[in-house]
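The block underneath contains the structure these notes are about, expressed in C-alpha cells.
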Amino acid sequence: MVSSSQPARVRFAPSPTGHLHLGGARTALYDYLLARQTGGQFILRIEDSDRRRFVPGAEEEIYASLRWLGIQWDEGPDVGGPYGPYRQSERKEIYQKYANELIDSGQAFTCFCTPERLEKVRNEQQKRKEPPHYDGTCRNLSANEVSERIAAGEQHVIRFKTPKEGTTTVTDLLRGDITVENRTLDDYILVRSDGLALYHLAAAVDDHLMNITHVIRGSEWLPTFPLHGLIHRALGWQEPEWVHLSVFLKPSGKGKMSKRESAELIKDGHSIFVKDLEGLGYLPEAVVNWIALMGWSYDDHTEIFTLPDLVEKFSLDKLNPSPAAINFTKFDHFNGLHIRALPLNELVRRMKPYFVEKGFQVDDATLLKIAPIIQERLQGMDDAPELAGFFFKPDVNPDVAELAIKDLTPAESADLAKKILAILESLPDVKLETAEPPMRKLVEQSGLKAGQVFGLMRIAITAQRVSPPLFESMEIIGKEKVVARMRRAVELLSAL
RNA sequence: GCCCCCAUCGUCUAGUGGCCCAGGACGUGGCCCUCUCAAGGCCAAAACGAGGAUUCGAAUUCCUCUGGGGGCACCA
C-alpha cells in the first residue's frame with residue numbers, strides 16, 4: 001500500500017544527550033521507511049541547542065546505532081546536504097531572525113523576568129492550586145522600555161505571545177483534530193537569555209526551512225503540539241503532517257522505563273539501548289522487525305519483515321496510537337526467526353566475533369560445518385560459543401558424576417564406556433553413517449535407552465549436557481579427538 | 001492539582017456497523033517427533049474495562065465513568 005505519492009522529507013532529530021533507545025530507533029525507522037517508500041529524503045538533525053546537556057560521544061554513538069540497524073540517512077551533520085547545517089547549535093542566527101520577526105509582528109515579546117522571580121511566581125501558583133504558568137508581567141512592555149532595558153544590559157528571553165482567548169486546533173494524523181483552550185497554553189520561552197533558541201522555535205524553523213513534510217515524533221510532544229502549530233501559523237508557514245507515536249512502556253505495562261530500570265535490564269540479557277543489543281546476541285534484522293511491529297502492523301498474520309519488506313509495506317494509516325509494553329520474550333522469538341533465516345555463510349560471518357570474543361581460535365571451514373547443526377538451536381548469537389565451543393577445544397573436562405549412568409553402578413558405566421571406546425576405535429571414521437549403526441546396536445545389546453548411552457558419549461565428547469546432535473558433532477570433531485575424549489572418559493569412570 | 005492522549009487474550013496486535021459466540025503471534029499447558037537441547041507439527045486455556053445512548057443490528061458511532069499513559073523547565 002502506498003501511503004503517499006509525494007516524496008516525503010522526514011527528519012529524525014535526537015538530542016545528543018544519551019544512548020539511542022528502542023523508542024528513538026523506532027521513530028527513526030518509520031522516518032526512514034516513509035522516506036524510502038516515497039522516494040524522498042531521510043534527514044538526521046542533531047538537536048543540541050542546550051549545550052549544557054551535551055554528552056561527548058553521544059552523537060557518534062547515535063550514528064553507529066542507526067548504521068548498525070541499517071537505517072541510512074540522506075542528509076545530516078556528517079554527510080552534509082543542501083539544507084545544512086544540520087546541528088542546531090550551528091543555526092543560532094537563523095532562529096534569532098525568526099524570533100525577531102515574531103516580535104515585530106507582535107506575536108512574541110521580550111521578557112526580563114529573572115528565573116528567581118519566576119520560581120517564586122510558580123510556587124505561589126502551586127500553593128493556590130493553579131497550574132504553573134507565566135504571569136504576563138512583560139507581555140505588554142513598550143518598545144522603548146524594551147530597547148532601554150536591553151541597552152542597559154538586562155538579561156532577557158523571548159517568549160511566544162500565546163493568544164489568551166479562544167481555542168487552537170491542531171491535527172495529528174493518527175488522532176485527528178486536537179483542540180485546546182488557549183488559556184491553558186503558556187507564554188513559552190522561544191529564545192534563552194544566552195541567545196539560543198529552545199526546541200519549540202528551533203524545530204519549527206528547521207522543519208520549515210528543511211522542507212520537512214512529515215514530523216514523526218513521540219507522543220510526549222502532544223502537550224506542546226498546539227504551541228508548535230501556533231508557531232508555524234504565526235510565521236505564516238504551512239504546517240507539516242504531524243504524527244505522534246505512542247510511547248514504549250516497561251514490560252509490565254506500568255509506565256515508562258526509568259533510568260535505573262533500563263540499567264538493570266542488562267542483567268537479564270536485555271537492553272533498551274541499541275548499542276548493547278549486538279553484544280547481547282541480537283541481530284539488527286530482528287531488532288528492526290520487532291520494533292517495526294510495536295505500534296504498526298501490516299495485516300492480521302504477517303510477522304516476518306526485512307527492511308526492504310518494510311519499505312514496501314509500511315504505511316502511516318496502519319499506525320496504532322495506544323502505548324505498547326516492551327516484550328523481550330517476543331524479541332527473542334524474532335531473533336531466533338532471523339537467525340534461522342540466515343544463509344549459512346552469513347551465519348558463520350556473524351557468529352565468528354562471538355567466538356573470538358570468548359577467546360576461541362576459530363576457522364571458517366569448521367564454523368561452516370557447525371553452522372547447520374547449531375542454527376536452529378541458537379536463541380541469541382551470543383549462545384554460539386557456549387553451545388559449540390567444544391569443537392574448538394583441544395580437549396574437554398567432563399564431570400565424572402554426569403558421565404556415570406544413573407541406573408548403573410560405576411563399574412557398569414565404566415564397562416559400557418570401554419565398549420563404546422572399542423567400537424569407535426574399530427571404525428574407519430566417525431561419520432554419521434559409519435558411527436551411528438554400531439552404536440545403535442550397542443544400545444540394543446546393553447538393554448539401556450538410547451538416551452542413556454548417547455548421554456554418556458555426549459558428556460564424554462562435549463563435556464556438555466546439552467549439545468548439537470551427537471553423531472553430527474563427532475563427524476566434525478574427527479575420529480582422533482573423539483577416541484581420545486572417549487578414552488579419557490573410560491579412565492575417569494574406572495577411577496570411580 | 002491542571003492539560004492532553006489512549007483503552008480487544010498476561011503481552012504485541014487484526015478488526016473502521018452485520019463476514020466476530022472476535023482472527024494471528026509471543027508466552028503458558030498438553031500431545032507428536034526425538035540421542036540432549038532446540039526447531040517443527042497438532043491441540044487447549046486466554047480478551048472486546050463499566051454504564052448509558054444511537055441502530056433492525058455495535059468490539060466497531062456518541063456520552064459519562066473507570067483505568068492506564070504522557071506533559072506542566074531559560075531540557076528535548
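Proteins get letters first, then strands, A, B, ... in listed order; numbering begins at 1 in each.
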Inter-nucleotide P distance (B:rG24, B:rC20), Å rounded
12 Å
### Side chains of A:D332 and A:Y282, donor plus acceptor under 3.5 Å
yes
Within the 4.0 Å heavy-atom criterion, would you say A:G218 contacts the bases, only the backbone, or no part of the nucleic acid? nothing
Give one of base, sugar-phosphate or nothing for A:N320, where a contact means two heavy atoms less than 4.0 Å apart.
sugar-phosphate
>> I'd like to know if A:S193 reaches the base of B:rC74 with its side chain, counting only an N/O donor and acceptor under 3.5 Å.
In response: yes
Inset, instruction - Using a 4.0 Å heavy-atom cut-off across all strands, classify A:T329 as base, sugar-phosphate, or nothing. - result: sugar-phosphate
Greater than 12 external heavy atoms within 6.0 Å of A:R183's CZ: no
Inset, instruction - Identify whether any heavy atom of A:G336 sits under 4.0 Å from a base atom; if not, whether one sits that close to sugar-phosphate; answer base, sugar-phosphate or nothing. - result: nothing
Among B:rC74, B:rG69, B:rU36, the one nearest any side-chain atom of A:R458 is B:rU36
message = Rounding to an integer number of angstrom, what distance separates B:rA25 and B:rG71 when you compare their P atoms?
response = 35 Å
If we ignore angles and hydrogens, is there a donor and acceptor under 3.5 Å between the side chains of A:S467 and A:T462? no
Under 3.5 Å, is there an N or O donor on one side and an acceptor on the other linking the side chain of A:R175 and the base of B:rC5?
no
Taking B:rA59 as the reference, what is the distance to B:rG49 when you measure between their P atoms (whole Å, please)?
11 Å
Check: With a 4.0 Å cut-off on heavy atoms, is A:W290 in touch with a base, just the backbone sugar-phosphate, or nothing at all?
Finding: nothing
From the candidates B:rG70, B:rA38, B:rC2, the one with an atom nearest any side-chain atom of A:V247 is B:rG70
When we call it a touch if two heavy atoms are under 4.0 Å apart, what does A:P323 touch: a base, just sugar-phosphate, or nothing? sugar-phosphate
By the Watson-Crick or G-U definition, both distances under 3.5 Å, B:rA53 is matched with B:rU61
Taking a pair to mean Watson-Crick or G-U wobble geometry with both distances below 3.5 Å, B:rG1 pairs with B:rC72
* Mind checking the C1' distance from B:rC42 to B:rU61? Whole angstroms is fine. -> 41 Å
### Task
For B:rC5 and B:rC63, measure between their P atoms and round to the nearest Å.
12 Å
| message | For a quick check of understanding: with a heavy-atom distance under 4.0 Å over all strands, which category does A:S49 fall into, base, sugar-phosphate or nothing? | response | sugar-phosphate
Only residue of A:F305, A:Y30, A:Y298 satisfying ring pair (Phe, Tyr, Trp, His ring centres under 6.0 Å) with A:F314 is A:Y30
Between A:E444 and A:K441, does at least one N-O distance fall below 4.0 Å, as a salt bridge requires?
no
To the nearest angstrom, the CG-P distance between A:L337 and B:rG40 comes to 7 Å
From CG of A:D300 across to C1' of B:rC9 the rounded distance in Å is 16 Å
In whole angstroms, the gap separating P of B:rC6 from CZ of A:F225 amounts to 12 Å
Comparing A:L118 with A:R465, nearest RNA chain B nucleotide closer to 5' gives the residue A:R465
Per atom distances to the A:R377 side chain, the nearest of B:rU13, B:rC37, B:rA76 is B:rC37
By the Watson-Crick or G-U definition, both distances under 3.5 Å, B:rC9 is matched with none
| Contact class for A:L470 (heavy atom, under 4.0 Å): base, sugar-phosphate, or nothing? | base
ask   = Looking across every strand, which nucleic acid part, if any, lies under 4.0 Å from A:C113 by heavy atom: base, sugar-phosphate, or nothing?
value = base
(Q) Base, sugar-phosphate or nothing for A:N327? Non-hydrogen atoms, less than 4.0 Å. (A) base
Touch class at under 4.0 angstrom, heavy-atom based, for A:K256 against every strand present: sugar-phosphate
### Task
Determine the interatomic distance between P on B:rG1 and the same-named atom on B:rA58; round to the nearest Å.
37 Å
Pairing partner of B:rG40, by Watson-Crick or G-U wobble and under 3.5 Å for both distances, is B:rC32
Between CZ of A:R128 and C1' of B:rC72 the distance, given in whole Å, is 17 Å
Would you verify whether the NZ or CZ of A:R159 falls within 45 degrees of the ring axis of A:Y134 while also being under 6.0 Å from that six-membered ring's centre?
-> yes
What does A:E472 touch in the nucleic acid at a heavy-atom separation under 4.0 angstrom: a base, only the sugar-phosphate, or nothing? base
Assign each of A:L222 and A:F471 the nucleotide of RNA chain B bearing its closest heavy atom; nearer the 5' end lies the nucleotide of A:L222
Between A:R52 and A:D194, does any side-chain N to carboxylate O distance fall below 4.0 Å? no
For nucleotides B:rU8 and B:rA50, find the distance between their C1' atoms and express it as a whole number of Å. 15 Å
Remember a base hit wins even if backbone is also touched, and classify A:I178 as base, sugar-phosphate or nothing at under 4.0 Å, heavy atoms. sugar-phosphate
For A:H200 and A:H228, which I'm curious about, is there any donor-acceptor pair between the side chains at under 3.5 Å?
yes
ask   = Just checking A:P468: base, sugar-phosphate only, or nothing, at a heavy-atom cut-off of under 4.0 Å?
value = base
